[in-house]
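Have a look at the structure below before the remarks.
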Amino acid sequence: MILYPAIDLKDGNAVRLLHGDMDKETVFNENPAAQAMEFVNAGCEWLHLVDLNGAFAGEPVNAAPVEEILKQTNVPAQLGGGIRDMATIARWIDKGLSRVILGTVAVENPDLVREAAKEFPGKVAVGIDARNGKVATKGWAEETDVIVTDLAKSFEDAGVAAIIYTDIMRDGAMKGPNVEATAALAQAVSIPVIASGGVSSLEDLQALKDCDAALNGAISGRALYDGAIDLAEALKVLKA
């Protein structure tokens, strides 16, 4: 399993939100690139970046800090938030991004996901953000009637590199991930699944590693910033 340290970008800063609420933020670093280097120096193999403002605006907003992270670091990075057309996808990949995460458009324009996955093999992931088993879009502000597993299964033949599954009610709450729902999703599809939301201890990582599904990895943010998870120790747990 891969551990993906999360850098959520809002107004140019590295922040964490509680339950995805833009009004409940904690600023952890005013220099996101320096934060990224901390994670890289600690041994991480990937970075998970989110443009929070972009998720609401529907277009990239925190492009400058993302570009600075890509310049300064030498590990692959994936980015979600406000990526909703082919031009933006192509621009980010051209700038050195290893993987774009398509969330809202996966619901609203699934053909774009298929087109992008075909055009950029291995570089397109689908972000599925769920509240009570239903998909939420536009920075989690809008709820849909779409069932998580139905959306995931619809991309089985599209060639997407991964599904990033976030349980919104666990995100930033330090209450542990939804292991059961994550495992169920991973068992339902052949696409690699990355767990996100609530990963707050080494025990959480172990539980995800030991669940009945082979997960690609897990994303953690607040726990790494707060020191609840030591990145070097976490990497050892996932490699064991």
Side-chain angles (χ1 to χ4, degrees), residues 1-16 27-55 60-83 87-103 116-117 119-127 159-164 166 192-196 199 202 205 208-209 215-240:
M1 271 178 67
I2 297 167
L3 181 63
Y4 296 79
I7 300 178
D8 290 359
L9 300 160
K10 181 174 182 278
D11 305 329
N13 299 318
V15 309
R16 291 302 286 168
V27 176
F28 282 104
N29 201 321
E30 294 179 359
N31 185 339
Q35 182 63 61
M37 282 308 302
E38 280 186 40
F39 290 143
V40 171
N41 291 335
C44 78
E45 299 171 328
W46 270 84
L47 291 168
H48 174 77
L49 314 176
V50 181
D51 182 349
L52 293 170
N53 302 100
V61 175
N62 287 286
V66 172
E67 288 175 22
E68 196 57 36
I69 289 169
L70 294 177
K71 270 186 214 163
Q72 292 193 29
T73 59
N74 60 354
V75 301
Q78 59 187 22
L79 170 70
I83 304 173
T88 304
I89 294 166
R91 191 161 63 246
W92 275 125
I93 291 172
D94 190 51
K95 286 180 183 293
L97 195 72
S98 295
R99 193 185 285 160
V100 295
I101 304 166
L102 304 180
E119 182 76 19
F120 303 105
K123 293 183 178 292
V124 176
V126 171
V160 301
I163 288 172
I164 294 154
T166 305
V193 171
I194 300 169
S196 174
V199 176
L202 293 176
L205 289 172
L208 288 167
K209 189 172 179 245
L215 300 178
N216 167 274
I219 294 166
S220 184
R222 182 177 287 273
L224 293 173
Y225 295 102
D226 284 347
I229 292 179
D230 177 88
L231 183 52
E233 282 297 311
L235 292 170
K236 281 184 201 166
V237 167
L238 295 182
K239 295 289 180 197

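On a predicted model such as this, the values are computed, not experimentally measured, just so you know.
- What you find for Gly217 and Tyr4 is that their closest heavy atoms are CA-CE1, 4.1 Å.
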Using residues 233-240 as the side-chain source, report each donor-acceptor pair under 3.5 Å to any protein atom, sequence neighbours left out, with the distance given to one decimal.
| residue | atom | partner | partner atom | Å |
| --- | --- | --- | --- | --- |
| Glu233 | OE2 | Lys236 | NZ | 3.4 |
| Lys239 | NZ | Glu45 | OE1 | 3.3 |
| Lys239 | NZ | Glu45 | OE2 | 2.9 |

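- The two residues Gly221 and Ala6 have their closest heavy-atom pair at CA-CB, 4.0 Å.
- Contact of the Arg16 side chain with the Asp226 side chain is not registered, since no non-hydrogen atoms from C-beta on lie closer than 4.5 Å.
- A 4.5 Å side-chain heavy-atom check between Val160 and Leu102 finds every atom pair outside the cut-off.
- Applying the 6.0 Å contact sphere to CD of Glu30 captures no more than 12 heavy atoms from other residues, nucleotides or ligands.
- Gln78 is listed as a side-chain neighbour of Ile194, based on a closest heavy-atom distance under 4.5 Å.
- Under the 4.5 Å side-chain criterion, counting only non-hydrogen atoms from C-beta, Ile101 is in contact with His48.
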Step-by-step side-chain contact (heavy atoms from CB on, under 4.5 Å) determination, Leu79 to Lys95: CA-CA 12 Å; Leu79 170 70; Lys95 286 180 183 293; over 6 Å; no
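- Counting heavy atoms from C-beta outward, Asn53 and Leu9 have side chains that stay 4.5 Å or more apart.
- Judged by distance alone, with hydrogens and angles left aside, the side-chain atoms of Asn13 form no donor-acceptor pair with the main-chain N or O of Val27 at under 3.5 Å.
- Within the model, atoms CG of Leu202 and NZ of Lys209 stand 12.0 Å from one another, a figure rounded to the nearest 0.5 Å.
- Contact check for Trp92 versus Arg99: no side-chain heavy atoms found under the 4.5 Å cut-off.
- To the nearest 0.5 Å, atoms CG (Leu205) and CG (Leu3) are separated by 6.0 Å.
- Annotation: the span from Asp8 atom CG to Phe28 atom CZ amounts to 10.0 Å, rounded to 0.5 Å.
- Note: Ile2 CD1 to Asn216 CG = 4.5 Å, rounded to the nearest 0.5 Å.
- When side chains are defined from C-beta on, Phe39 counts as touching Ile7, because their heavy atoms get closer than 4.5 Å.
- Val66 approaches Leu49 most closely through the heavy-atom pair CG1-CD1, 4.1 Å.
- With hydrogens and angles disregarded, a donor-acceptor distance shorter than 3.5 Å links the side chain of Asn41 to the backbone of Met37.
- Checked by atom type and distance alone, the side chain of Ser196 never pairs as donor or acceptor with a backbone atom of Ile219 at under 3.5 Å.
- Shown here for Ser98 and Pro76, the closest heavy-atom pair between the two residues is OG-CB, 3.2 Å.
- Pairing each heavy atom of Gly12 with each of Asn62, the nearest pair is N-OD1, 2.8 Å.
- Taking all atoms of both residues into account, the shortest heavy-atom contact from Leu97 to Ala77 is CD1-O, 3.5 Å.
- For the atom pair CD1 (Ile89) and CD (Glu119), the distance works out to 9.5 Å, reported to the nearest 0.5 Å.
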